[in-house]
Each structure stands twice: as C-alpha cells, then as structure tokens.
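Data block below; observations after.
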Amino acid sequence: MERLTRKELKTLSDREVKIAHDRIKRDYSLGLLNDRVTPVENALLLEAELRRRDSQPEEGKS
C-alpha cells in the first residue's frame with residue numbers, strides 16, 4: 001500500500017474517501033495488510049479529510 005498525500009485526497013470524491021477509509025479499517029482489523037504503519041497513516045489522513053469535508057458547506061447550496 002502506498003502512502004496517500006493531502007493533494008491526492010483533494011481529487012477524490014466524498015464517496016471515494018469514505019470507501020477507502022472503511023476498506024483500510026476493515027482490512028487492517030482482519031490482518032490482511034502486511035505493512036502496519038502506512039494503513040494507519042492513510043486512515044488518519046482519510047478521517048481528517050472526512051471531518052474537513054463535513055465541516056464545510058457544500059457549494060451551490062444555501
């Protein structure tokens with residue numbers, strides 16, 4: 001698994017971020033990932049991105 005960057009996260013849709021976060025958490029908990037550090041770092045980045053997107057109002061809506 002490659003480490004994600006904040007720049008890469010900005011190009012993903014909300015749905016893609018949520019799916020990636022859920023998949024990493026599931027695979028990590030099942031012991032399916034060989035690397036232990038990168039998935040945790042990616043999950044933390046994805047969680048922060050989800051919180052950031054939830055706190056910002058959507059464009060075009062009043």
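Keep in mind it's a predicted model, so treat the numbers as computed, not measured.
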With Ser29, which residues qualify under side chain to side chain contact (heavy atoms under 4.5 Å, CB included), at least two apart?
-> none
In chain order, what residues pass the side-chain hydrogen bond (donor to acceptor under 3.5 Å, both in side chains) check against Lys18, with sequence neighbours excluded?
-> Asp22
Partner of Leu45 under side chain to side chain contact (heavy atoms under 4.5 Å, CB included), picked from His21, Glu8, Arg6, is Arg6
For Asp27, which residues count as a side-chain hydrogen bond (donor to acceptor under 3.5 Å, both in side chains) partner, sequence neighbours excluded?
-> none
Value for CG (Asn42) from CD (Glu47), rounded to nearest 0.5 Å, stands at 11.0 Å
How would you list, by chain and number, every residue that makes a salt bridge (charged side-chain N to carboxylate O under 4.0 Å, His left out) with Glu41, sequence neighbours excluded?
-> Arg3
Shared-cluster residues of Leu30, by chain and number - hydrophobic side chains joined below 4.5 Å = Leu32
Side chain to side chain contact (heavy atoms under 4.5 Å, CB included) involving Thr11 - partner list, sequence neighbours excluded = none
In this structure, CG of Asp14 is separated from CZ of Arg53 (nearest 0.5 Å) by 4.5 Å
Kindly check if the number of other-residue, nucleotide or ligand heavy atoms within 6.0 Å of CZ (Arg15) is above 12?
-> no
Indicate, with yes or no, if Leu44 and Ile19 share a hydrophobic cluster defined by side-chain heavy-atom contacts under 4.5 Å among Ile, Leu, Val, Met, Phe, Trp and Tyr.
-> no
To the nearest 0.5 Å, how far apart are CD1 in Ile24 and CG in Leu33?
-> 8.0 Å
Check side-chain hydrogen bond (donor to acceptor under 3.5 Å, both in side chains) between Arg23 and all other residues, then give those that pass, not counting sequence neighbours.
-> none
